[in-house]
Protein chains: 2
Amino acid sequence: MDEQSGTDRRPPSRRIADDLRASIRSGELASGAKLPSERELAGRYGTARNTAREAISILQGEGLVVAQHGRGVFVRPRTPLMRLGANRYSRQLRSETGLSPFRIEVTKQGRTPKTECRSVTRDKPPADVADRLGLDASTATVIRRENWYYADDEPVQVGVTYIPVDVAGESPLASERTLGKGSIYARFEDLGYRITRIREEISARMPYHEESTGLSMPPGVPVIEVLHTSIDEQHRAFEVTRFVMRGDLNGLDYEMPVED
Amino acid sequence: MDEQSGTDRRPPSRRIADDLRASIRSGELASGAKLPSERELAGRYGTARNTAREAISILQGEGLVVAQHGRGVFVRPRTPLMRLGANRYSRQLRSETGLSPFRIEVTKQGRTPKTECRSVTRDKPPADVADRLGLDASTATVIRRENWYYADDEPVQVGVTYIPVDVAGESPLASERTLGKGSIYARFEDLGYRITRIREEISARMPYHEESTGLSMPPGVPVIEVLHTSIDEQHRAFEVTRFVMRGDLNGLDYEMPVED
DNA sequence: CAGTGGTCTAGACCACGGA
DNA sequence: CCGTGGTCTAGACCACTGA
């Protein structure tokens, strides 16, 4: 009754990883369950501990398990994603609830939202941002606002907003960390920029080292990067925000018309 | 002139990884450049080879480098992303060019596109798909069409389309692998379903084991998953497609109105 | 062929968590 | 305190690449 019938060409580390993966998929190792310890696996398969460890590291890279120092290795529980939609920018939603869609989503999950503007500075825009704003990257200056988004004090997103100085002027957008009622898009409206269209460019990648520590991300979890551009009635791009979101906690949900 | 002034609490593997990462960022190790060999690094830092190897595996997990057996470890070149937009579904684009947006994007990059319908079967819908189609997951039957998308014979995307049997009927959608001129949405129009709105739910995750082999993905690269729903004038969801795309080759680009 | 990464061994010590 | 993962060593052999 040996599963591998003598001709298993997989190296032992793969075999252990495959077995564990199968157990996770079948539900035998349920979400949150503890895997056998490295030493236990090594003994069971007759390998060195490092070999069992290598197997676990494969599963870590696939985002299937998380190791906790001193406790063990656990099947990574799949938390439901927050679903951020284009309605993030809806004026109606803004005025109805007085809450940002982020806060609504977090609250819906029974967690406590928090947002924090960490800095407001003047800076040169990154090349891609300058391009979206129609600015010259080498000469232009923008206001840079860095916002952090939390659920239960756990950071889940960062958003860096770039506003041309010509747009922000001496308004609160250019200097204040807190922007008052109706949040940032109300302030743009004060200045005569009313959002009518948005462009969102989405990509996925592994986090930079700073991001994975800043967002305290477990290994094997990618980020979603969204480069957002706000456009007004006169087709002016008046603001660009780069969102970086933990991929295990966030998702996007767009519904839109198909333009002929 | 020692950089670490005696009090470097980082383990050697981290230190090697940090140094290499810095070299990559600074451009000292350019895109595509070869890293020092594992043995070379071990010698240079006075560690065992495994320790240098561990450092490289950290960078692999971050998607910064790729190892090639027998050749060396290289800085992963960042290929430009394909930018898939909502105009994928535009009738105008379809009729103007006769090409699918996928083919246009790949051609734009100087590569050769290929698409292939691998199978057409009848199946039970997955729960999330059934939900989007307004079907009962346990009783309903759908047509399942599996499509693979290639650039220069390299697979870059998979799309699995689900169509309720009531919609597909006995049309080519229900059985033919090739759908003829104007592609799939033209066939839906033949049946009276004209796409007017779409919903796209986007997430990012590490590939399943089958996906990473099927799409021959290097380690440290996530996938983008898009659950797409097509909606017609009468608000009927008539088709759902789940796209799984290599995150290092694909991006999404939406422009849409903000609905009040 | 020499040089590279891929895998493995059998130990060792440390740091953390929980009883 | 013990059991866990985190890190490291100093070897070894294999498989692949390219001259």
Side-chain angles (χ1 to χ4, degrees), chain A residues 4 7-20 24 29 32-76 209 212-213 216-220, chain B residues 4 7-20 24 29 32-76 209 212-213 216-220:
Chain A
Q4 52 170 329
T7 28
D8 194 335
R9 318 186 62 70
R10 292 175 296 174
S13 58
R14 299 292 175 117
R15 182 157 130 68
I16 300 176
D18 289 350
D19 286 358
L20 289 171
I24 292 171
L29 281 169
K34 185 172 173 302
L35 270 60
S37 79
E38 296 172 350
R39 288 160 177 91
E40 160 77 18
L41 284 171
R44 192 184 297 181
Y45 284 87
T47 71
R49 183 184 155 209
N50 273 353
T51 303
R53 199 174 157 72
E54 170 65 16
I56 285 173
S57 119
I58 291 172
L59 300 180
Q60 259 189 126
E62 296 173 5
L64 290 177
V65 303
V66 277
Q68 292 184 39
H69 196 170
R71 299 223 310 133
V73 178
F74 301 84
V75 180
R76 187 142 70 74
H209 186 247
S212 67
T213 58
S216 45
M217 294 180 63
Chain B
Q4 51 170 331
T7 30
D8 195 334
R9 318 187 59 71
R10 291 174 297 173
S13 58
R14 300 291 174 115
R15 184 158 128 67
I16 301 175
D18 290 349
D19 287 358
L20 289 171
I24 292 171
L29 282 170
K34 184 170 173 305
L35 270 60
S37 78
E38 297 172 350
R39 289 160 176 91
E40 159 77 18
L41 284 171
R44 193 185 296 181
Y45 284 88
T47 69
R49 183 184 154 207
N50 273 353
T51 302
R53 198 174 157 72
E54 169 65 17
I56 284 172
S57 121
I58 291 172
L59 300 179
Q60 260 189 123
E62 295 174 5
L64 290 178
V65 303
V66 277
Q68 293 184 38
H69 196 169
R71 300 222 311 133
V73 178
F74 301 84
V75 179
R76 185 141 70 76
H209 186 248
S212 67
T213 58
S216 46
M217 294 180 64

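Labels below follow one simple rule: chain letters A, B, ... track the order of the sequence lines, proteins then strands, and each chain is numbered from 1.
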Any donor-acceptor N/O pair, A/R53 side chain to A/E38 backbone, under 3.5 Å: no
N/O donor-acceptor pair, side chain B/R39 with base C/dG5, under 3.5 angstrom: yes
Report yes or no: is there a donor-acceptor pair, N or O only, under 3.5 Å between the side chain of B/R71 and the base of C/dG3? no
Which pair of heavy atoms, one from A/F74 and one from A/L35, lies closest together, and at what distance? C-CD1, 4.2 Å
Between B/L59 and B/A17, what is the shortest heavy-atom contact and its length? CD2-O, 3.8 Å
Looking at side-chain heavy atoms only, is the closest gap between [X] and [Y] below 4.5 Å?
X	Y	answer
B/D19	B/Y45	yes
A/L64	A/V75	no
B/V65	B/L29	no

Distance in angstrom units between [X] [atom1] and [N] [atom2], rounded:
X	N	atom1	atom2	answer
B/R9	D/dT7	CZ	P	14 Å
A/F74	D/dG3	CZ	P	16 Å
B/E40	C/dT4	CD	P	8 Å
B/R15	D/dT7	CZ	P	16 Å

For A/E38 and for B/P12, find the nucleotide of DNA chain D with the closest heavy atom, then tell me which residue's nucleotide is more 5'. A/E38
Residue met sooner reading DNA chain D from 5', once A/G70 and A/A67 are mapped to nucleotides: A/G70
What distance do A/R9 atom CZ and A/R15 atom CZ have between them, rounded to the nearest 0.5 Å? 15.0 Å
Sub-4.0 Å heavy-atom contacts from residues 45-55 of chain B onto DNA chain C, ordered by number: B/R49, B/N50, B/R53
For A/H69 and for A/R14, find the nucleotide of DNA chain C with the closest heavy atom, then tell me which residue's nucleotide is more 5'. A/R14
Any B/R10 side-chain nitrogen or oxygen under 4.0 Å from OP1 or OP2 of D/dT7: no
C/dG3 phosphate, OP1 or OP2: any side-chain N/O from B/S37 under 4.0 angstrom? no
